[in-house]
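In what follows, a structure is listed as structure tokens, so that the remarks can point back to it.
Below, read A as the first sequence line, B as the second, and so on, with proteins coming before strands; counting in each chain starts at 1. The basis for the numbers below is simple: all heavy atoms, side chains too, and nothing from hydrogens, waters or symmetry mates.
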Number of protein chains: 2
Amino acid sequence: MTKLGERIRQLREENNFLQKHIAAQLDVDTPMLSKIERGERRAKKEQVLVLASILNVPQADLLTLWLADQVYEIVKDEDVALKAIQVAEDEVKFKQKKK
Amino acid sequence: MTKLGERIRQLREENNFLQKHIAAQLDVDTPMLSKIERGERRAKKEQVLVLASILNVPQADLLTLWLADQVYEIVKDEDVALKAIQVAEDEVKFKQKKK
DNA sequence: GTTGACTTGTCAAATATTGACAAATATAAG
DNA sequence: CTTATATTTGTCAATATTTGACAAGTCAAC
């Protein structure tokens with residue numbers, strides 16, 4: 001289960017959309033959307049943006065979940081997961097300052 | 001430049017080892033080690049463990065940098081980088097609690 | 001038992017990553 | 001300047017991973 005997939009499904013159901021409907025706009029078949037919702041496949045960034053517009057939420061919201069899923073996937077089985085995330089976070093903060 | 005690559009080079013120079021020497025123990029050629037040090041190629045996890053033992057530092061230290069590099073690579077160009085990292089961090093913390 | 005929504009499994013095609021090599025550059029020594 | 005050693009750069013085929021598409025499956029409502 002991915003954060004993004006869960007959120008997409010939640011929003012889709014709130015809006016009473018069928019997978020068929022969303023999938024068509026993403027230009028994939030329903031099995032693919034099903035897999036994205038269940039976290040079996042990763043959406044493309046471009047698809048995340050389209051999803052945000054279909055589901056009427058800010059792009060940043062879904063992009064955040066999309067990235068968070070990828071980060072989590074990398075560290076999830078590691079003892080040093082938290083430490084690694086914090087090192088990366090520090091670097092992001094450092095680079096942002098410089099900008 | 002990656003955190004891991006910089007650290008490897010630093011440790012290698014502190015110990016006066018040549019790339020040739022380290023590369024042999026990693027079972028790669030020196031161009032490959034050069035690229036790992038400069039962050040042009042990613043080391044395998046197994047190689048990171050060997051590096052820790054060659055360079056006499058705790059495995060966790062290098063693994064942390066190795067993971068942090070990967071996390072940073074994912075989020076580095078994104079506006080929501082920080083938020084995404086924090087979401088992932090929350091999930092790591094949550095899962096750790098459950099264990 | 002037919003329909004509609006969704007899921008599962010499989011596969012080849014597209015894409016990305018890897019390791020190896022030759023060649024280039026850099027540095028230092030004689 | 002020429003040689004020797006260390007490191008870097010560029011390229012390429014081999015390998016691995018990801019992707020999209022399809023057929024077939026489950027499940028629930030009717």
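Listed pair S34(A) / dT7(C) meets the phosphate criterion, a side-chain N or O lying under 4.0 Å from OP1 or OP2. Here R38(A) does not reach the OP1 or OP2 of dC6(C): none of its side-chain N or O atoms lies under 4.0 Å away.
Between E37(B) atom CD and dT8(D) atom P the separation is 7 Å, expressed in whole Å. Whole-Å rounding puts the E46(A) CD to dG20(D) P distance at 10 Å.
With sequence neighbours left out, the salt bridge (charged side-chain N to carboxylate O under 4.0 Å, His left out) criterion links K44(B) to no other residue. Under the salt bridge (charged side-chain N to carboxylate O under 4.0 Å, His left out) criterion, E6(A) pairs with no residue at all, not counting sequence neighbours. Applying the side-chain hydrogen bond (donor to acceptor under 3.5 Å, both in side chains) criterion to Q59(B), with sequence neighbours excluded, gives no partner residue. Scanning for side-chain hydrogen bond (donor to acceptor under 3.5 Å, both in side chains) contacts around E78(A) gives K45(B), with sequence neighbours left out. With sequence neighbours excluded, no residue forms a side-chain hydrogen bond (donor to acceptor under 3.5 Å, both in side chains) with R41(B).
The list of salt bridge (charged side-chain N to carboxylate O under 4.0 Å, His left out) pairs with a residue in residues 10-20 of chain A, not counting sequence neighbours, reads R12(A)-E37(A). Among pairs with a residue in residues 46-69 of chain A, none fulfils salt bridge (charged side-chain N to carboxylate O under 4.0 Å, His left out), at least two apart in sequence or across chains. Listed by first and then second residue, the ring pair (Phe, Tyr, Trp, His ring centres under 6.0 Å) pairs that reach into residues 56-87 of chain A come to none, sequence neighbours excluded.
Near DNA chain D, meaning a heavy atom under 4.0 Å away, the residues from residues 2-11 of chain B are R9(B). Near DNA chain D, defined here as any heavy-atom distance below 4.0 Å, the residues from residues 13-23 of chain B are L18(B), Q19(B), K20(B), listed numerically.
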Distance-only donor-acceptor pairs under 3.5 Å for side chains of residues 23-33 of chain A, two or more places apart:
| from | atom 1 | to | atom 2 | distance (Å) |
| --- | --- | --- | --- | --- |
| Q25(A) | NE2 | H21(A) | NE2 | 3.3 |
| D29(A) | OD1 | M32(A) | N | 3.1 |

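Note on I36(A): it does not cluster hydrophobically with M1(A), by side-chain heavy-atom contacts below 4.5 Å among ILVMFWY residues.
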* Determine, for nucleotides 11-28 of chain C in 5'-to-3' order, which nucleotides have protein heavy atoms under 4.0 Å from the base (write B), from only the sugar-phosphate (write S), or from neither (write -). => -------BBBBB------
